[in-house]
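As structure tokens, the structure follows; a few thoughts come after it.
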Amino acid sequence: MALRLYDTKTATVRDFEPLEPGRVSLYYCGATVQGRPHVGHVRSAVAFDILIRWLEHSGLDVLSVRNVTDIDDKILEKSALSYLPEHIPSPDYPAREPWFALAYRFEQAFHQAYDALGVKRPRYEPRATGHMTEMFALIQRLIDADHAYPAQDGSGDVYFDVRSWPRYGELTHQRAEDMQDAADADARGKRDPRDFALWKGHKATDPETARWDAPWGAGRPGWHVECSAMATKYLGSRFDIHGGGLDLRFPHHENELAQSGAAGDDFARFWLHNGMVTYAGEKMSKSLGNTIAPEEMLSAARPRAVRYFLGQAHYRSQLDYRPTSLQEAQAAVERIETFLSRAAEALSGQRRDSQDAVPEAFSAAMNDDLNVPQALAVLHETVRAGNIALDAEDPEQLARSAGAVSTMVQVLGLSDVPEAGAAGGSEAEAALGELIEALLTDRVEAKSVKDYARADAVRDRLTAAGIALEDSKDGTRWALARASSTTSPDTGARKG
RNA sequence: GGUGGGGUGGCCGAGUGGCGAGGCAGCGGCCUGCAAAGCCGUUAACGCGGGUUCGAUUCCCGUCCCCACCUCCA
């Protein structure tokens with residue numbers, strides 16, 4: 001069964017066939033690094049990470065490119081504010097920080113957030129500031145083709161001429177005439193209020209470091225143009241998939257499509273957009289200030305649970321965050337983990353190292369526009385089948401289930417989420433293990449003489465310390481069980 | 001005004017013209033010295049009003065409500 005994906009431009013689910021057999025070219029919008037990442041950013045990254053993993057699992061070579069937009073109005077504005085005498089320095093916005101340092105600092109914060117959730121780095125991650133010549137060339141082509149013009153007010157701005165491009169609005173199915181009139185804020189030099197800036201002329205108040213000498217005058221790029229320039233540089237004038245958050249459809253992606261199309265590039269064949277993360281039903285956004293930082297979630301639940309939560313709804317659906325959602329996700333994740341570690345123990349080393357196939361139903365769900373909720377249903381059903389095999393002591397069935405589960409977990413990216421303490425083997429951990437083993441030995445002794453009060457006292461002490469016990473006929477398993485990223489989820493096992 | 005997406009059981013969240021995903025929570029049972037984990041069973045839903053149909057949560061019409069975008073946004 002072939003992969004089918006929803007394409008925003010045609011508003012249909014279509015069969016996905018890469019332009020070049022076996023290879024997929026994918027560009028997806030990363031961040032404008034003007035502030036710390038919030039949950040919405042990482043949800044988007046997780047969604048495309050799952051897409052990439054599924055494409056790769058399907059045997060395709062994915063050339064993934066994600067931009068870093070490191071020059072824009074807000075970045076300059078926030079840097080400028082940090083130089084004002086009334087600016088109150090904070091860890092996020094220290095005093096006297098150059099715009100490029102600010103952008104770089106947040107770029108690293110984004111990496112940290114992505115890494116913490118097991119989002120694989122794209123194959124390449126170009127920065128806008130490193131692609132001025134590509135932007136010059138693109139803008140020049142648009143000027144030459146009469147789809148762009150220098151501002152009439154001598155500001156040095158260059159605008160895209162929306163009225164010169166009848167297809168404008170094709171991505172979001174709007175007619176330019178129907179659009180609500182844009183606020184006429186800086187429309188002085190525009191022919192039409194809907195025209196957007198490809199280039200912004202240098203102003204006396206702008207830092208000299210944010211000034212590039214273009215053929216038509218010094219300045220800096222407008223938003224949108226960097227993505228067109230970088231996507232086509234690395235992926236070609238036609239490429240397979242362009243992605244990003246739903247809020248980027250308009251104006252960002254609409255404008256990208258317009259300027260690339262007008263410059264003669266075919267551009268993306270599929271446009272994928274992930275849904276917004278809401279908080280109590282309201283969109284989470286920088287402008288509303290109701291954002292939740294990934295760190296906040298990571299301190300409320302284990303990283304793997306956070307990743308599970310972010311990926312569990314269909315990528316095009318809205319994802320509503322509630323305080324209990326992370327606990328629910330964690331319970332689900334632990335059910336899977338418990339099975340995998342019990343299975344690994346039962347199969348002790350006889351696991352095949354090759355990748356196991358995923359169930360047919362899982363593939364079908366993933367191929368159906370990445371229906372992760374349904375894929376998760378298959379995953380959980382497989383876990384149940386595995387647990388049954390475990391109880392029935394059926395190693396063949398158990399190995400099959402465990403293999404399938406571990407592959408599904410990999411495809412969903414859950415296995416690559418770094419867990420605190422997962423490094424293992426630290427001296428402290430070894431010491432903890434010894435202590436627990438000693439206590440468990442006491443407990444076994446107490447149990448053997450039916451001194452349950454003493455046995456339960458041991459368990460209570462361990463429970464109070466955040467260590468959960470699980471008895472089975474093969475011995476007692478223990479695991480750190482606190483719902484916090486500061487503790488290790490690693491399980492230890494003891495044969496009794 | 002324009003464009004698009006939704007309203008599903010206590011909560012989250014798929015899906016389908018009939019044989020009722022999955023998770024979380026609850027209840028009953030098995031297992032266990034008791035727990036935990038696991039398994040089995042179970043409670044329970046399709047915003048509202050019509051229509052089509054043997055049969056609609058699913059299709060059609062109407063209606064109410066919610067959300068997103070319309071040049072800061074993942």
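Being a predicted model, the structure only gives us computed values, none of them experimental.
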Next item on the list: Check every atom of B/rC69, B/rA37, B/rG38 against the side chain of A/D391 and return the nucleotide holding the closest atom.
Entry: B/rG38
Item checked: Nearest-angstrom distance, C1' atom, B/rU8 to B/rA14 -> 10 Å
Check: Parallel, tilted or perpendicular: which fits the ring planes of A/H41 and A/F110, with parallel below 30° and perpendicular above 60°?
Finding: perpendicular
Margin query: For A/A148 versus A/L198, what's the shortest heavy-atom pair and its separation?
Written below: CB-CD1, 3.6 Å
Check: Residues from residues 120-127 of chain A sitting under 4.0 Å of RNA chain B, heavy atoms only?
Finding: none
Check: Closest nucleotide of RNA chain B for A/A329 versus for A/C29: which of these residues is on the 5' side?
Finding: A/A329
Next item on the list: Give the rounded distance in Å between these two atoms: CZ of A/F250 and C1' of B/rC70.
Entry: 6 Å
Note to self: Without decimals, in angstroms, what is the distance between A/D368 CG and B/rU16 P?
What the structure shows: 8 Å
Next item on the list: Remember a base hit wins even if backbone is also touched, and classify A/G275 as base, sugar-phosphate or nothing at under 4.0 Å, heavy atoms.
Entry: base
Next item on the list: Identify, with sequence neighbours excluded, every residue that meets side chain to side chain contact (heavy atoms under 4.5 Å, CB included) alongside A/I75.
Entry: A/T32, A/V33, A/Q34, A/D72, A/W99, A/L102, A/A103
Item checked: A/R249/A/E254 salt bridge by N-O under 4.0 Å criterion -> no
Next item on the list: Establish, with yes or no, whether the OP1 or OP2 oxygen of B/rG38 is under 4.0 angstrom from a side-chain nitrogen or oxygen of A/R384.
Entry: no
Notebook entry, point to check: So, do A/Y124 and A/Y234 have ring centers that fall under 6.0 Å from each other?
Noted result: yes
Checklist line | For RNA chain B, stems built from three or more consecutive Watson-Crick or G-U wobble pairs below 3.5 Å | finding: B:1-7 with B:64-70, B:10-12 with B:22-24, B:26-30 with B:38-42, B:47-51 with B:59-63
Item checked: Between A/E125 and A/H111: side-chain donor-acceptor atoms closer than 3.5 Å -> yes
Note to self: So that I can tick it off, tell me whether A/D442 and A/R454 are bridged by a salt bridge, with the cut-off set at under 4.0 angstrom between side-chain N and carboxylate O.
What the structure shows: no
Next item on the list: For A/Y168, answer base if it contacts any base atom (sugar-phosphate contacts may also be present), sugar-phosphate if it contacts only those atoms, and nothing otherwise; contact means non-hydrogen atoms under 4.0 Å.
Entry: base
Item checked: Nearest listed nucleotide, side chain of A/A313, among B/rG23, B/rA68, B/rG13 -> B/rG13
Next item on the list: Please list all pairs passing the ring pair (Phe, Tyr, Trp, His ring centres under 6.0 Å) test where one or both residues lie in residues 374-398 of chain A, with sequence neighbours left out.
Entry: none
Check: Take atom CD in A/E393; do more than 12 heavy atoms of anything else shown fall under 6.0 Å from it?
Finding: no
Next item on the list: Only counting residues at least two apart or in another chain, list the ones meeting side chain to side chain contact (heavy atoms under 4.5 Å, CB included) with A/R461.
Entry: A/L439
Next item on the list: Return the value, rounded to whole Å, for the distance between atom CG of A/L171 and atom P of B/rA68.
Entry: 20 Å
Quick one: which protein N/O atoms are closer than 3.5 Å to N/O atoms of nucleotides 25-35 of chain B? Pair and distance per line, please.
from	atom 1	to	atom 2	distance (Å)
B/rG33	N1	A/D456	OD1	3.0
B/rG33	N2	A/D456	OD2	2.7
B/rC34	O2	A/R459	NH2	2.5
B/rC34	N3	A/R459	NH1	2.9
B/rC34	N3	A/R459	NH2	3.3
B/rC34	N4	A/D471	OD2	3.3
B/rA35	N1	A/D471	N	3.2
B/rA35	N1	A/D471	OD2	3.4
B/rA35	N3	A/R459	NH1	3.0

Extract from the structure each pairing of a protein N or O with an N or O of nucleotides 2-4 of chain B at less than 3.5 Å, listing the distance.
from	atom 1	to	atom 2	distance (Å)
B/rG2	N2	A/Q174	OE1	3.3
B/rU3	O2'	A/T172	O	2.9

Next item on the list: For A/D178, enumerate each residue passing the side chain to side chain contact (heavy atoms under 4.5 Å, CB included) test, keeping only those at least two apart in sequence or located in another chain.
Entry: A/R175
Check: Roughly how many Å is it from NE2 in A/H252 to P in B/rC72, rounded to a whole number?
Finding: 13 Å
Margin query: Listing request: all salt bridge (Lys or Arg N to Asp or Glu O under 4.0 Å) pairs with a residue in residues 369-379 of chain A, at least two apart in sequence or in separate chains.
Written below: A/R316-A/D369
Note to self: Check the phosphate of B/rG15 against A/N371, side-chain N and O only, distance under 4.0 Å to OP1 or OP2. Yes or no?
What the structure shows: yes
Notebook entry, point to check: Once the angle between the rings of A/H253 and A/W271 is folded into 0 to 90°, is it parallel (under 30°), tilted (30 to 60°) or perpendicular (over 60°)?
Noted result: tilted
Margin query: Can you check the distance between B/rG10 and B/rU42, where both ends of the measurement are the C1' atom (answer in whole Å)?
Written below: 15 Å
Next item on the list: Starting from C1' on B/rC72, measure out to CG on A/D73 and report it in whole angstrom.
Entry: 9 Å
Note to self: Just so I know, are the side chains of A/R105 and A/E97 near enough to count as touching, which here means a heavy-atom distance under 4.5 Å?
What the structure shows: yes
Next item on the list: Determine the Euclidean distance between corresponding P atoms of B/rU57 and B/rG18; express it in Å to zero decimal places.
Entry: 11 Å
Strictly under 3.5 Å: I want the nitrogen or oxygen pairs between protein and nucleotides 65-67 of chain B, one per line.
from	atom 1	to	atom 2	distance (Å)
B/rC67	O2'	A/Q318	OE1	2.9

Check: Rounding to the closest angstrom, what is the interatomic distance between B/rG23 and B/rC64 at atom C1'?
Finding: 31 Å
Notebook entry, point to check: Reckon A/N255 touches a base, only the sugar-phosphate, or nothing at all at heavy-atom distances under 4.0 Å?
Noted result: base
Next item on the list: Verify, without hydrogens or angle tests, whether A/N67 (side chain) and A/P126 (backbone) share a donor-acceptor contact under 3.5 angstrom.
Entry: no
Check: Which is true for A/V277 with a 4.0 Å heavy-atom rule: it touches a base, it touches only sugar-phosphate, or it touches nothing?
Finding: base
Item checked: Between B/rC27 and B/rA44 - C1' atom distance, rounded Å -> 12 Å
Margin query: Output the rounded distance in Å from NE2 (A/H314) to C1' (B/rG6).
Written below: 14 Å
Check: Contact class for A/D247 (heavy atom, under 4.0 Å): base, sugar-phosphate, or nothing?
Finding: base
Check: Using atom P of each nucleotide, how far apart are B/rG7 and B/rC46 to the nearest Å?
Finding: 13 Å
Check: What is the nucleic acid contact for A/E381, judged by heavy atoms within less than 4.0 Å: base, sugar-phosphate only, or nothing?
Finding: sugar-phosphate
Checklist line | Nearest listed nucleotide, side chain of A/R335, among B/rC12, B/rG38, B/rA14 | finding: B/rG38
Item checked: Pairing residues for A/N387 by the side chain to side chain contact (heavy atoms under 4.5 Å, CB included) criterion, not counting sequence neighbours -> A/R335, A/F339, A/R342, A/V383, A/L390
Item checked: Nearest-Å distance once atom C1' is located in both B/rG22 and B/rC61 -> 34 Å
Item checked: Atom pair distance, as rounded to whole Å: CD in A/E334 and C1' in B/rG23 -> 14 Å
Notebook entry, point to check: On a whole-Å scale, what distance lies between the P atoms belonging to B/rU32 and B/rG15?
Noted result: 42 Å
Next item on the list: Take atom OH of A/Y279 as the centre, draw a 6.0 Å sphere, and report whether it contains more than 12 heavy atoms from other residues, nucleotides or ligands.
Entry: no
Check: For residues 41-52 of chain A, which residue pairs qualify under salt bridge (Lys or Arg N to Asp or Glu O under 4.0 Å), counting only residues two or more places apart or in two chains?
Finding: A/D49-A/R53, A/D49-A/R307
Check: To the nearest angstrom, how far is A/L370 atom CG from B/rG15 atom P?
Finding: 12 Å
Note to self: Using a 6.0 Å cut-off, check whether atom CZ of A/F250 has over 12 heavy atoms from anything other than its own residue.
What the structure shows: yes
